[in-house]
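To keep things clear, I will list the structure first and then write my remarks on it.
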Amino acid sequence: MQDEYQLDYFKENGFVRKTCPKCKTNFWTRDTDTEFCGDPPCVSYSFIGAPVFKKEYDISTMREAYLSFFEKNGHTRVDRYPVIARWRDDIYLTIASIADFQPFVTSGLVPPPANPLTISQPCIRLDDLDAVGRSGRHLTTFEMMAHHCFNSRGNEIYWKDRTVELCDNLLSSLGLDLNAVTYKEAPWAGGGNAGPSVEVLVGGLELATLVFMDLKQVKGGSIDIKGETYEKMDNYIVDTGYGLERFVWASRGSPTIYDAVFPKIVNELMDLAGIEHSIENPEYAKIFSQNARFAGVMDISGQANLLQLRKKVADTIGTTVEKLQKLMVPVESVYAITDHSRCLAFMLGDGIIPSNVKAGYLARLVLRRTLRLMKELDIREPLIEIIEMQIKNFPEYPEFRERLDTIREIVVLEDEKYADTIERGTKLVKKTALHFKDKKEKMPLGELIQLYDTHGIPPEITREVAKEAGVDVELPDTFYSLVAKKHSKAEEEEAEEMPLELPPTRKLYYEQTEQSEFEAKVLEVIENKIILDRTLFYPEGGGQPCDHGTLSMEDYIANVADVQNMNGVIVHETDSDFGFKKGDTVKGKIDWERRLAHMRHHTATHIVNESAKAVLGKHIWQTGAQKSTDRARLDLTHYKRITDDEFREIELLANRAVMKNQPVHIDWMDRVEAEKKYGFVLYQGGVPPGREIRILRVGSDVEACGGTHVSNTGLIGPIKLIKTERIQDGVERIEFSAGEAAVKRMQERDELLNKSSDALRVSPEHLPDTVNRFFNEWKEFKKENERLKAELAEVRVKAMMGDAVDINGLKVLSEKLPHADVEELIKVATEFSKNDDVVAILASESGGVKIVVAAGVRAQKMGVNAGAIVREMSKLVGGGGGGKPGIAQGGGTDVTMIDEALEKSAEMVRRVLK
RNA sequence: GGGCCUGUAGAUCAGGGGUAGAUCGUUGCGUUCGCAACGCAAAGGCCGCGGGUUCGAAUCCCGCCGGGUCCA
């Protein structure tokens, strides 16, 4: 790989290649006096207080300077992509500009939107969340300015030399002394690709990385990097990344990147937190400069390292760690809030709905972290106000302002939800703490993990609340990794692969949408799997189940049970393996009723999606869908439950769309063109592979879709929404039926209604009132019944008292009340046992044998145990029982033994009294 | 996608195979010129729904519905 960096451009422009004495890596520089590679920790920041460009820039002027520079140099400016990676199913957030063009552009399957191109792509990375605010340089959200160039063998636009030259020219156009730049060799590898790369370092700050991606990971490849083997690719890509915020920082030389990038918001938040943030004061600025310098050369992810950093800073400015801590922590929190609120503006602005799963979870994570920090600083301003401040600060993203109402509603709801969680949590912690206080123990770590993992209570809060209750808590630095350890990874299932060297099957189901029969040639037979040259059988995909039907020849007929698409080859799985041979011509027939039901449900899904968007808002995004013959379900992102009114409105709009009898348009389009024309809403149902994608338009709904559809919406028939379900926080599921299935649904409902009203002898419209009345009456009767039983018990006691037998001074009573239920027996028995010297033994035979025994206080003292008596009696009647010494219940199945059991009970009492 | 917790009176929660509880709130009575406070009493429960185990389930098991939460 060494040769990769011997660029003509370096040689022709007086660069020398040196080796850093500290880290031993090679770097290129114009300045022969430069000793070190320029990268921390070998050097530390020198740009703080000494800006490297000739003037100060802010975010938008710097972005514009960059993009227009590359425009002038033959690049086409491309609009940014969303921060939520809608076009990918392997990552949630856009983490780099190149992510916009993966996987199909980088693999060469799809041409880039322009070539070469330049872009400023907002990216979100949550890996170093803890360092944000503290290190002076970390951000969750940053814009990666980039120029990309997609080369292929025989069609090279530019490669390494030109890339470095452009970088040099850009820097010098900003007024940088080029002697200050070093290009450090740093081979890059990631995501299955690799290549040589240089880091662009100025003043100790990495301003950009220039990656020359030309390798792909191949098992047994000839190039070895970090233990993996690679091969050269046919297409090779210039992948650059220039940190917009870092450029701004370098142009200002402020103590932290936050003060450089959003001075206004930082100051406003400092005011709200009541912190005097006088960055012009040299003494004050020095603290944060020193902190950023030291933090620049170390990893501060752990608590121990943070302390070390504090110590270093404290030493240089001559103070104690405690004093420093007290000064810095609030300021660092403000920095973090500033960063996080910007992150939220992007996340929510681009349509992420907070949830407890997937990308929504990440949004909630950041949101709650921000709320926590605000609470610590006692900032009372609602979070939404701060996010609004950010949004107003970005006139270049008008789309955020359009969504402001939805964003406001979401943030307010989330704010409330978190407050609820914390309140619930605090109570729980108090209770738990008191439990351990009683035992005079520390609250163990396991309890802390449980509280966080199950109830979302941060350990810091647990510690604080527990402390107030006077209980110590054990909280190690490694807390969060301990939690992570509890969650084991799920193993990924490998997709079944068939080693097929066959041409893609001709998909008749796209061409002949009204046909149910076809003829085809058998290309291959593997056991019961048959591959044809063409087929009308739709394979499972896009939430639509496969077609069923038959394949037949003169003598044979086989049922098709499963159809799968394996990389364009359609495989028919039949229930028998006889007959068909390579080269045969077969007749195929699909089950049209089944197919038609699928088509109706599929087109209906698009319509329901469109209606839901119209009713609920633009933030609605499909996260999943499944169709079958009698129903379909559609999962949508939404931040609250769908109300009954909304539900009916969606149903109405969907049916109106049907009744308009709109045509369903299907076009195959070039992917780039389609994205340009319709945006990423196309990929709601998933991201299809390939350069050409199938675009389906119904009304205002446009989606990339590979399913089969009816030609006009009128053919769907009625759409009946069945229910909504919240499958996850932030995801609502709508279940519905279409066509004949919908009619059946409605008939079923009617029948339920009719049966219910028949049972009550009222008409359906009176059902709610009548049911209500019956229920209330039932409750009253139940109460009355209970009262009567209690009264009856009293009467019975008086009547039966005379039957009691005297045993050693105790009044023992054993009686059968044949029709009494357990409750009555208990009431009577308890009534008896209010007399200290009574033992009441009662039995009934309603629904088997029931036995209840109660003993008065004195009887118990003398050794009578109701539980023991019941146990013994119950055994006799073939059951079991038990209870407390004062009252016990039991029973069995053998009704014929009741009398014997009652007779023996007196003996039992006698026995214990001896 | 993978876990964990949870559903009991209007509210907050105990109980965790054997007669459904506490506190607050509500209502009534007492005390007071009146209120607050206090005292006494009452009303208020399909113990989320449906199955199973059991003589007996709010309690144990399974499924469903609802709520919460962590991780990838």
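In what follows, chains are A, B, ... by sequence order, proteins preceding strands, each numbered from 1. Because the structure is a prediction, the values reported are computed rather than measured.
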- Has the side chain of Asp453(A) got a donor or acceptor atom sitting under 3.5 Å from an opposite partner on the base of U69(B)? no
- Report yes if at least one side-chain N or O of Thr421(A) is closer than 4.0 Å to OP1 or OP2 of U69(B); otherwise report no. yes
- Message: Can you check the distance between C70(B) and A58(B), where both ends of the measurement are the C1' atom (answer in whole Å)?
- Response: 29 Å
- Taking a pair as Watson-Crick or G-U wobble with both distances under 3.5 Å, which nucleotide is matched to U19(B)? none
- Task: For C47(B), give its Watson-Crick or G-U wobble partner with both distances under 3.5 Å, or none.
- Result: none
- Query: Rounding to a whole Å, what distance do you find between His455(A):NE2 and G67(B):C1'?
  - Reply: 13 Å
- Atom C1', compared across C47(B) and G28(B): separation rounded to whole Å: 28 Å
- Message: Closer than 4.0 angstrom, basic N to acidic O: yes or no for Glu751(A) and Lys755(A)?
- Response: yes
- Task: Summarise how protein sits on nucleotides 19-28 of chain B as a single string, 5' to 3': B when a protein heavy atom is under 4.0 Å from the base, S for sugar-phosphate-only contact, - for no contact.
- Result: B---------
- Item | Cationic N near anionic O, under 4.0 Å, Lys640(A) to Glu409(A) | yes
- Could you tell me whether Lys744(A) and Glu748(A) have a side-chain N and a carboxylate O separated by less than 4.0 Å? no
- Does Gln728(A) or Val849(A) map to a spot on RNA chain B nearer the 5' end, using the closest nucleotide for each? Gln728(A)
- Query: Which residue pairs pass the side-chain hydrogen bond (donor to acceptor under 3.5 Å, both in side chains) test with at least one member in residues 852-873 of chain A, sequence neighbours excluded?
  - Reply: Glu872(A)-Arg911(A)
- With a non-hydrogen cut-off below 4.0 angstrom, is Gly892(A) in contact with a base, only sugar-phosphate, or nothing? sugar-phosphate
- Are the charged groups of Arg372(A) and Glu376(A) less than 4.0 angstrom apart, N to O? no
- Task: Answer yes or no: is there an ion pair linking Arg125(A) with Asp128(A), defined by an N-O contact shorter than 4.0 Å?
- Result: no
- Message: Measure CD/Glu872(A) against P/C55(B) and give the value in whole Å, please.
- Response: 18 Å
- Message: I need the CG-P distance between Leu428(A) and C4(B), as an integer number of Å.
- Response: 18 Å
- Quick one: Ile457(A) CD1 to U69(B) P, roughly how many Å, whole number? 10 Å
- Message: In whole Å, I'd like the distance from the CZ atom of Arg369(A) to the C1' atom of C70(B).
- Response: 16 Å
- Task: Ignoring backbone atoms, establish whether Arg368(A) has a side-chain N or O less than 4.0 Å from OP1 or OP2 of U69(B).
- Result: yes
- Sorted by first residue and then second, give each salt bridge (Lys or Arg N to Asp or Glu O under 4.0 Å) pair with at least one member in residues 622-634 of chain A; sequence neighbours left out. Arg631(A)-Glu735(A)
- P atom, U53(B) versus U6(B): distance in rounded Å? 26 Å
- Message: Considering every strand and a 4.0 Å limit on heavy-atom distances, what is the contact class for Gly891(A): base, sugar-phosphate, or nothing?
- Response: base
- Side-chain contact check for Gln450(A): nearest option of C55(B), C65(B), C4(B) is C4(B)
- Message: Would you measure the distance from the C1' atom in U8(B) across to the matching atom in C13(B) and give it in whole Å?
- Response: 9 Å
- Message: Ring centres under 6.0 Å, that's the criterion: do Trp778(A) and Phe781(A) meet it?
- Response: no
- Cation-pi check, Arg86(A) onto Trp621(A) ring (under 6.0 Å, within 45° of axis): yes
Please tabulate, for side-chain N and O atoms in residues 820-845 of chain A, each donor-acceptor pair with protein atoms closer than 3.5 Å (sequence neighbours left out).
residue: Asp821(A); atom: OD1; partner: Glu823(A); partner atom: N; Å: 3.2
residue: Asp821(A); atom: OD1; partner: Glu824(A); partner atom: N; Å: 2.9
residue: Asp821(A); atom: OD2; partner: Lys789(A); partner atom: NZ; Å: 3.1
residue: Glu824(A); atom: OE1; partner: Arg796(A); partner atom: NH1; Å: 3.2
residue: Glu824(A); atom: OE2; partner: Asp821(A); partner atom: N; Å: 3.4
residue: Thr830(A); atom: OG1; partner: Ile826(A); partner atom: O; Å: 2.2
residue: Glu831(A); atom: OE1; partner: Lys834(A); partner atom: NZ; Å: 3.1
residue: Ser833(A); atom: OG; partner: Ala829(A); partner atom: O; Å: 3.4
residue: Ser833(A); atom: OG; partner: Thr830(A); partner atom: O; Å: 3.0
residue: Asn835(A); atom: ND2; partner: Phe832(A); partner atom: O; Å: 3.1
residue: Ser844(A); atom: OG; partner: Ala820(A); partner atom: O; Å: 2.8

Pairs under 3.5 Å (N/O, protein and nucleotides 43-46 of chain B):
residue: G44(B); atom: OP1; partner: Lys783(A); partner atom: NZ; Å: 2.4

- Message: Taking A43(B) as the reference, what is the distance to C35(B) when you measure between their P atoms (whole Å, please)?
- Response: 25 Å
- Would you mind pulling out the nucleotide paired to C38(B), Watson-Crick or G-U wobble, both distances under 3.5 Å? G30(B)
- Quick one: look up who G56(B) pairs with, Watson-Crick or G-U, both distances under 3.5 Å, and put none if it's unpaired. none
- May I ask you to check whether Trp87(A) and Tyr683(A) place their ring centres under 6.0 Å from each other? no
- Message: If I pick the P atom on A36(B) and the same atom on G25(B), what distance separates them, to the nearest angstrom?
- Response: 11 Å
- Within the structure shown, what part of the strands sits under 4.0 Å from Tyr418(A) by heavy-atom distance: base, sugar-phosphate, or nothing? nothing
- Message: Between A9(B) and A20(B), how far apart are the two P atoms, rounded to whole Å?
- Response: 16 Å
- Message: Between G39(B) and U32(B), how far apart are the two C1' atoms, rounded to whole Å?
- Response: 13 Å
- Query: Do any pairs count as a side-chain hydrogen bond (donor to acceptor under 3.5 Å, both in side chains) and have a residue in residues 880-896 of chain A, sequence neighbours left out, and if so which ones?
  - Reply: Asp894(A)-Thr896(A)
- Message: Looking at G66(B), I'd like to know if its phosphate oxygens (OP1 or OP2) sit under 4.0 Å from a side-chain N or O belonging to Arg726(A).
- Response: no
- Message: Can you tell me if Arg641(A) touches the phosphate of G67(B), counting only side-chain N or O atoms and a distance under 4.0 Å to OP1 or OP2?
- Response: yes
- Asp420(A) CG - C13(B) P separation (whole Å): 11 Å
